[in-house]
Amino acid sequence: MSALPSTSMFVDVRVNGERYEREVPARRLLVHFLRDDLDLTGTHIGCDTGSCGACTVHLDGVPVKSCSVLAVQAHGASITTVEGLAGDEQTPLQRAFSEHHALQCGYCTPGMIMSATALLEQNPTPTEDEVKVALQGNICRCTGYWNIVEAVMAAGKGSA
Amino acid sequence: MTTVETEGTTTLQRGFVGQNVPRKEDRRLVEGQGQFVDDVKRHGMGYLHFVRSPYPHARILSIDVSAALELPGVYGTLTGDEVAILTDPFFQIAAEPGGSMKDYALSVGKVRYIGEPVAAVVAESRELARDAAELVMVDYEPLDVVVDARKSLEPGAPVLHEECGGNITYQGVWEWGDVDQAFAEADHVVKITDLHFDRFNSTPLELDGALVEYNRGTGQWTITTNNQFPGFAVIMMAPAMRVGTDKLRFVTQDIGGGFGNKITSHPQLVACCLLARKLNRPVQWTEWRTDFHQSMSHGNERWFLDTEVAVRADGTMTGFRTRVVDDAGAYLRYEPLGGVIWSQVAPGMYGWRNIRLDFTQAVTNKAPCSPNRGYSRMQHLWFTERIVDIVAHELGFDRVELRRKNYVQPEQMPYETPNGCVYDSGDYPASLDLVLDLIGYDTIEQRREEAASRGKLLGFGIGSTLDSGTNNFGQSQLVNPDLQFSGNNEVATVKLDIFGEIVVTLGTTPQGQSHETTAAQVVADILGCDVDAVHVRAGHDSYWNSHAGFSGTYASQFAVTGLGAVKGATEMLADQMKTLASMVFQCPKEAIELADGFARIADNPEAALPFMALGAIPNANNAGFPIDPPPMNARFVYRPPFDVPDKERKFGNLTLTYSMQIHACVVEVDPETGVYEIVDYAAVDDCGVRINPKIVEGQVMGATAHAIGAAMFESFTYDDEGNLLTPNFYDYHVPHTLDMPPLTTAAIETPSPFTPLGTKGMGEGGGGGIHCICAALQDALRATGSPIVTDSHNPYHRVFEMLRHPEHARAKVEVTGRSAT
Amino acid sequence: MKLEGTKEFDAPREVVWSVINDPSKMAKTMPGVESFDIADDRHWSAKVKVPLGLGGLKMSIDFEKIEERPLEFAALNAKGKGVGALMNMTTEFTLSGEGEKTSMAWEADVKIAGPVGSMGQRVLQPIINQQVGNVLSSLENEVEAAKAGAAGA
Amino acid sequence: MLLREVSYARPGTIEEAVALLAEYDGARALAGGQTLLNVMKQRAASPDVLVDLAGLDELRTITVAGSSLEIGAMTTLASLIRSSEVEVTRPILAEVAGTVADVQVRNRGTLGGNICVNDPTNHFPPLLVALDASMTVVGVDGERVVPAEEFFVGVFETTVREGELLTRISVPAGGKGTGDGMSGVTLGAHGTYVANAAASVVDGAWRIALGCVGAVPVRATTVEDALSGTEVEEAAVRAAVEGVGATLDPPSDVHGSADYRRSLAETSIVRAVLQAHDRARG
């Protein structure tokens, strides 16, 4: 990538295993790049301050808020969005969300699931407190979180 | 998680109904395949950005859009001057003086709150639209500001809407029983100078938005939007835009939370429509978080002044009187209905027969108020719960016994309130016992001592509330006798398609209330088929012929109106299926039963037609029938049984059902900092028959979380200059996982005698969490000078103030009465 | 937001007065002034870039002297317009003291609106205190300079 | 969400980075971006050029050099939490990092960014002052080392001038006789601080810094002097703290009045000191 400042950059990223090469304005946030340029609209926007976590994706395997990353910063990175989780089958966590009624309107759900997926990858059987800490950066306005924590615990136990 | 159920007959045999059927909505949502408004794109669409007022009150001297228009990639602009020519002011629900208010899609001549849209810009990208909006030069002449509703009523206060001749939008005295008599006979009178219910809303995570397309050929707009009450939006928009209602097609699939806050987006939708026509291209608008906080659907802030409560020596509360000042914000968008909807629960859960409220609603230089979960009743129920706890606190009654004694009793059900509302069913004392059991009330004093040994002040509180569901819109005539609204309705269509699919279409716009699932449960039980065989269309489309004037998702009513319509339509279809089967089998219709996906002769199960055959006949194989086979297609409009209220006495049944919630919590306060934590929480809910208990519990949990947020963290606080101090999630703290207390829930079922399924609406709750947290704080602070809690919102610094200066709160309460005089 | 304070100068009132009444001298006390333009003795304007650390806040500010009682009292109004912020500030200076000592009591009423006003509430007050501090210390320098100048004359 | 137009560069070396920062007017270093990008979304600040430090791996190292813990400015809060060097030398850094915002922010946000932003509510400015840390700042004409106390200049402002870059934070390694504590009140668990205090004792010598009570961290020197070399007991600490609030000029805002912050400052000192004291005794 050029070391000279420019208002527009060539970006080469892998998203959900697929390679995308695009010229992107430097000011465009990763979340808008995913939603508007790549039509991956499962990643949502709920605030303007990096507070709500609805836009959480995995950047090189790590959960980040895609509203607080420039698309150009993702150059060369590998990204997973909620669309990239389920193959022919849903993941145990996705099933657990449904079985434990961990979603209502479903708007925060992709971000929640991305945060929880990252947790379970590092820590397959988290304690309740570990789950709460892992999801603290994700706001849900429908459920009060109780069923979400329950679902992640269940998926962790593999009982989902 | 305990669940207790009382005996209750329901009008429907239970199959899928009553089961925790997994939600049909979930598959798409957990895979990120939901379709929310901002997900929808069209070729050549332009992005709209509003230019918003930085002043809370100012005259607009001029608006210059030329610099914005010169920016490459900008498609066009819209200003208030154009809006004033192209549209009429929105219809006002209010009578005089509020009725004279002129409210447009964009400011015309004046701005009245920070964040008010004064112009709109459309450009080829979101970023560019915002760049261009910054280039719109607006010249303002700042005017004096008033942010306190009490001050806005004082002579000489800045007037927001000159055409209203002042800041009052609605005023009315609501009096029932013989209040003076009640006070004359009272042994004690408890007086409270002022109680304040704070301003906040549910801040749905998805913001408002729309994608609007204009069809030049037909003159019709297609409005893909997350507005949650299209039936209301269209009657606001069509007359203002001078078109017929069918020219405005509303389409929605998934909505990211609403809670009432997405009912009044009609001004922004009109701006989108005008620009889509002006620019001849699809126009996309998505609100931003700060825009929402500054301008959208705040919950009503309300003052209760000079309150008096009449109490007998034995603790019987015979009446209360108070002076209410309701803060509507800068415009009436759904108001002044908030000025009446509280009267659905005028006495709360109590037997008060003598009530007087002198109700005044005023405008201020703050965001307009509109429905918010628990709309208007929550404020009033907080008031009734507060005065009950303050009476107990001041007169030394036990809070639990005082409630038990004064609650409306089960044998009184159905109970007619002093203002003619009918509480359909419920057992409040039993619910109280249950919640006390869940929270371990008998151990509270031990726990108080244990906490004290850790230097903490422990407090216990109760909040008992009603969620009145299924409005009688006739109540609007109590604030404006000239209005021609009454009753309520909802529509559903159910059909059997050519290959035997059962297809259900709803008139509602759910935002997480699981309508696809609960509707399918009801249909499956009536048609005797599997719930998976029932396809309920996702979302809403006003072209589907499945909506009526009151269609939408609001005011706790789907379980009654929505499912009432589904039940009606499904029973019509079942009758058609039986009729057709009886034509095929040449037997009487009564001999046919629907079971296991077949229409069969009850006592000869071999003679069975699969649904596929029934669907095929009228659709594709109808020759040779002597008479027309029934169409396998049914549309039903459910209409709840209502009369028009008596406008003189402000008397009548304003709502059909009354779910009941009793919440209890235990808090621990750090006396050095005012920081407190909810260490235990229990909620008991009775919403009659539960179609899907897990979904019901989900709603209870959500309402509880909103209440906890409002009580502890969430407030739309303004400074005296009219700046919103909490315009984003940095300063408006929404509780997250680590902020939530342990919760136990339980349910009681007392079926409603008035509804098709014995169900009651229940989505909103009554703000029980706010009330029980206030009560728990008041209890905890007994140890430090016994302040009373007079505000619904108690952040740490306010608790600290009560700890340091209990005398300030003490000065607000006084007890008089025979003994004293 | 209202701020007030008192500033002591080791200079006669005339000198202090000459400074706070001289737009070009006052301009030197303001943070990040890029250009300055005097319309008449009651009206002047400045283009400033207030250093806010995360990126300067560009503003054009119009000043108007709204009241003055020589050697005693002056009141100034400053209206600032910038992308992202609007500022309206009224400042009053009251001078007292005899001989070589002057004490200046000042009051400022600052209103800030726009994104900066809305997002910056929790940091706005410290920022303003800080800017006021800078203004007062550079005012002291100006007074010293003027004193030296006067002595030299 | 919609930033003003901005230029972006991702240099490969510190020299390149410093050169870019020096060359372009209105250039600003972009570390984790968790504050800067969000302020840019509000358009409350708009650098003209962002110099992304993501390519400078040498700024991500954590090493122990002699008696000093050397932390690269681009070290994320998440790596602080995971670092065994931090755990053995100055665990308070990991402990506090674990309470900043949330997992996603900690995965991107850096120690250097947290202190260069110097939002008065940030966690690390008062903590690093209490720990007597020092910062290494590199410019075109070489590098200089600034003690934490002089590093913070004002809200959002530090001694890092245009054309300079913070490269390293050096924290004295702790050990026996060392104890650190931090206490305060936040908006919700792990939320924004309303007020806080960080306290550190090394062989009986105390350093105490207050956050959220001014534009920069404020040392509570009277308390330090009163406590240093004495046998610390709660009563004595409370006595020493008495009156500290009155010497402060904290802001009032929607989360608390100046008086509330004065009181919280005193309470936070007591709690941070007692915590540090317990830990020093091991």
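Predicted, not measured: the structure shown is a model, and the values here were computed from it. Chain letters run A, B, ... following the sequence lines, proteins first and then strands; every chain starts at 1.
Nearest heavy-atom pair, A:K132 versus B:L738, reported as atom, atom and distance to 0.1 Å: CB-CD2, 3.6 Å. Scanning both residues, A:C105 and B:L29, for their nearest heavy atoms gives O-CD1, 3.7 Å. Minimum heavy-atom separation, A:G46 to B:F729: O-CE1, 3.9 Å. Shortest non-hydrogen contact noted between A:E83 and B:G32 is OE2-O, 4.1 Å. Residues A:H44 and B:F36 approach most closely at CE1-CE1, 3.5 Å, considering heavy atoms. When all heavy atoms of A:G144 and B:A705 are compared, the pair lying nearest together is CA-CB, 3.5 Å.
Using a 4.0 Å cut-off between charged side-chain N and carboxylate O, A:R27 and B:E127 make no salt bridge.
Contact tally against chain B (heavy-atom pairs below 4.5 Å) for A:N147, A:I45, A:V149: the top residue is A:N147. In terms of heavy-atom pairs under 4.5 angstrom with chain B, the leader among A:I148, A:D39, A:N138, A:L40 is A:D39. Heavy-atom pairs under 4.5 Å with chain B peak, among A:D129, A:L135, A:D48, A:L103, at A:L103. Most heavy-atom pairs under 4.5 Å with chain B: of the set A:I139, A:T81, A:T109, A:V133, this distinction falls to A:I139.
Within the 4.5 angstrom heavy-atom criterion, atoms from both the backbone and the side chain of B:L205 approach chain A. B:F292 does not touch chain A: none of its heavy atoms, backbone or side chain, sits under 4.5 Å away. For B:P735, the parts lying under 4.5 angstrom from a heavy atom of chain A are both the backbone and the side chain. Of the atoms belonging to B:D39, heavy atoms from both backbone and side chain fall under 4.5 Å from chain A. Heavy atoms closer than 4.5 Å to chain B are found in the backbone of A:T143, but not in its side chain. At a 4.5 Å heavy-atom cutoff, B:D739 makes no contact with chain A through either its backbone or its side chain. Using a 4.5 Å cut-off between heavy atoms, B:Q699 touches chain A through backbone and side chain atoms alike. Heavy atoms closer than 4.5 Å to chain B are found in the side chain of A:E150, but not in its backbone. The contact between B:S514 and chain A is made entirely by side chain atoms (from C-beta outward), counting heavy-atom distances below 4.5 Å. For A:V131, no part lies under 4.5 angstrom from a heavy atom of chain B. Contacts of A:Y107 with chain B are made by both backbone and side-chain atoms, with heavy-atom separations under 4.5 Å. Interface remark: B:R27 contributes backbone and side-chain atoms alike to the contact with chain A (heavy atom separation under 4.5 Å).
Side chains of B:N20 and A:H101 form no contact here, defined as non-hydrogen atoms less than 4.5 Å apart. A 4.5 Å side-chain heavy-atom check between B:D38 and A:R35 finds at least one atom pair inside the cut-off. Counting only heavy atoms from C-beta outward, the side chains of B:W288 and A:C47 never approach each other to under 4.5 Å. In this structure, the side chains of A:D36 and B:R126 come closer than 4.5 Å at one or more pairs of heavy atoms.
Counting non-hydrogen atoms of other residues, nucleotides and ligands closer than 6.0 Å to CD of A:E89 gives a total of 12 or fewer.
Checked by atom type, the side-chain pair A:Q104/B:Q511 shows no donor-acceptor distance below 3.5 Å. Side-chain polar atoms of A:R141 and B:T203 form a donor-acceptor pair below 3.5 angstrom.
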Working note: B:E31 + A:Q90, criterion side-chain hydrogen bond (donor to acceptor under 3.5 Å, both in side chains); need CA distance, chi angles, decisive distance, verdict. CA-CA 8 Å; B:E31 293 179 7; A:Q90 288 186 350; 2.9 Å; yes
